[in-house]
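First comes the structure, then the notes that go with it.
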There are 2 protein chains.
Amino acid sequence: MKIENTKAQMRKGLLELCILSLLAQKDAYVSDLIFDLKQSQMIVVEGTLYPLLTRLKNAGLLNYRWEESKTGPPRKYYGLTDEGKKVQQELLQSWDELHQAIDHIIHAKPRTNLK
Amino acid sequence: MKIENTKAQMRKGLLELCILSLLAQKDAYVSDLIFDLKQSQMIVVEGTLYPLLTRLKNAGLLNYRWEESKTGPPRKYYGLTDEGKKVQQELLQSWDELHQAIDHIIHAKPRTNLK
DNA sequence: TTAAGGTACTTTGTATTGCATAGTACCTAA
DNA sequence: TTAGGTACTATGCAATACAAAGTACCTTAA
């Protein structure tokens, strides 16, 4: 559906900020992240997160360690690098500017026609 | 630059909402829109807006009329169709949900590790 | 010991849109 | 008639969310 498609477009660029923000608070593996995102009404699936995490790790923003699990295979726990923390702050700033801009546009009063 | 690139990604899907919202208030042509967006600290150029407006018109959300100008060529003034108004409201709802989700994620307290 | 189910991860290709750029056309003024 | 400014058209690229198919590891049961 069109609106669903636009919602997916809206998440472009913002999902990275969400992931970095969650990992700024605490190391996590993919199921943790999916759970936390869901708590905030952001529904994302594994097929989206694994490639994103790989991309962020390759960009030097994340590191990971393997941790045994009692219930299944070992898990990859991701955490932020120092660079990741820096980029997370920068993206927060970008997000702040963006959403203020959008709120301003959405709630703007009709401009007077001075032309 | 990486942050600039991510900012562009963040605008995906949101620019449509901005344009529909501006046109919900008042018909406009491209320079009007660029000006209004700039007032809200959203910098967008013509090469971005013309294709977007064409896409929205072809999707049935906009209509336009030509208006003579005293200073140059005629201008295309865009306005919302009824369908456009409806979609604008739906996108507003999507935006509201998205930004609440993101704010929730950004400001979440670290979860307790109950596992 | 083997097999099945569950969990975790990898890989790949598609769809979509913001953006940049090159080009065309119309208008006014000199 | 020409040049500059304004307005618009067209096209292709880059980047990411997503879907889907696949592989691998672990536990449990037979």
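Chain A is the first sequence line, chain B the second, and so forth, proteins listed ahead of strands; every chain is numbered from 1.
For the salt bridge (Lys or Arg N to Asp or Glu O under 4.0 Å) condition, the pairs that include at least one residue of residues 54-68 of chain B, sequence neighbours left out, are D27(B)-R65(B), R65(B)-E67(B). Under the salt bridge (Lys or Arg N to Asp or Glu O under 4.0 Å) criterion, the residue pairs touching residues 86-96 of chain A are K86(A)-E90(A), with sequence neighbours excluded. Residue pairs that meet the side-chain hydrogen bond (donor to acceptor under 3.5 Å, both in side chains) test with at least one member in residues 38-49 of chain A, sequence neighbours left out, are S40(A)-H104(B). Applying the ring-ring contact (aromatic ring centres under 6.0 Å, His included) test to pairs two or more places apart or on separate chains, none has a residue in residues 37-56 of chain A.
Comparing dT16(C), dT9(D), dA7(D) against the side chain of N5(A) picks out dT16(C) as the nearest. Of the listed nucleotides (dA17(D), dC8(D), dA15(D)), dA15(D) has the atom at the smallest distance from the side chain of Q9(B). The nucleotide whose nearest atom lies closest to any side-chain atom of L15(B) is, among dC19(C), dC18(D), dT16(C), dC19(C).
Distance, L14(A) CG to dC18(D) C1': 15 Å, rounded to whole Å. One atom, CD of E4(B), and another, P of dA15(D), lie 14 Å apart when rounded to the nearest Å. If you take CG of L37(A) and P of dC18(D), they are 10 Å apart, rounded to a whole angstrom. Here the C1' atom of nucleotide dA14(D) and the NZ atom of K2(B) are 13 Å apart, to the nearest Å. Atom C1' of nucleotide dT6(D) and atom OH of Y29(B) are separated by 8 Å, given to the nearest angstrom. dC25(D) atom C1' lies 16 Å from atom CD of E67(A), rounded to whole Å. Rounded to a whole Å, the CZ atom of F35(B) is 18 Å from the C1' atom of dA7(D). The distance from atom OH of Y64(B) to atom C1' of dT9(D) is 11 Å, rounded to the nearest whole Å.
Residues passing the side-chain contact (heavy atoms from CB on, under 4.5 Å) test with S31(B), sequence neighbours excluded: Y29(B). Evaluation of the side-chain contact (heavy atoms from CB on, under 4.5 Å) rule for L20(A) yields E16(A), L56(A), L61(A), L62(A), L80(A), V87(A), Q88(A), L91(A) as partners, not counting sequence neighbours. The salt bridge (Lys or Arg N to Asp or Glu O under 4.0 Å) search around K7(B) returns E97(A), E4(B), not counting sequence neighbours. Evaluation of the side-chain contact (heavy atoms from CB on, under 4.5 Å) rule for T54(A) yields N58(A) as partners, not counting sequence neighbours. Judged as a side-chain hydrogen bond (donor to acceptor under 3.5 Å, both in side chains), and not counting sequence neighbours, T81(A) has no contacts.
Sorted by residue number, the members of residues 47-60 of chain A with any non-hydrogen atom under 4.0 Å from DNA chain D read G47(A), T48(A), L52(A), R55(A). Interface residues of residues 79-89 of chain B facing DNA chain C, ordered by number: none; criterion, heavy-atom separation under 4.0 Å.
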Base-contact (B) and sugar-phosphate-only (S) positions in nucleotides 25-30 of chain C, heavy-atom cut-off under 4.0 Å, - elsewhere = -BSS--
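Within the 4.5 Å cutoff, the side chain of Q25(B) has no heavy atoms near those of the D36(B) side chain.
Taking the six-membered ring for Trp and thresholds of 30 and 60 degrees, Y64(A) and W66(A) have ring planes more than 60 degrees apart, a perpendicular arrangement.
Taking side-chain N and O atoms only, K76(B) has a distance below 4.0 Å to OP1 or OP2 of dT9(D). Here R11(A) reaches the OP1 or OP2 of dC18(D): one of its side-chain N or O atoms lies under 4.0 Å away.
Distance alone, capped at 3.5 Å, is enough to place a donor-acceptor pair between the H107(B) side chain and the D103(B) backbone.
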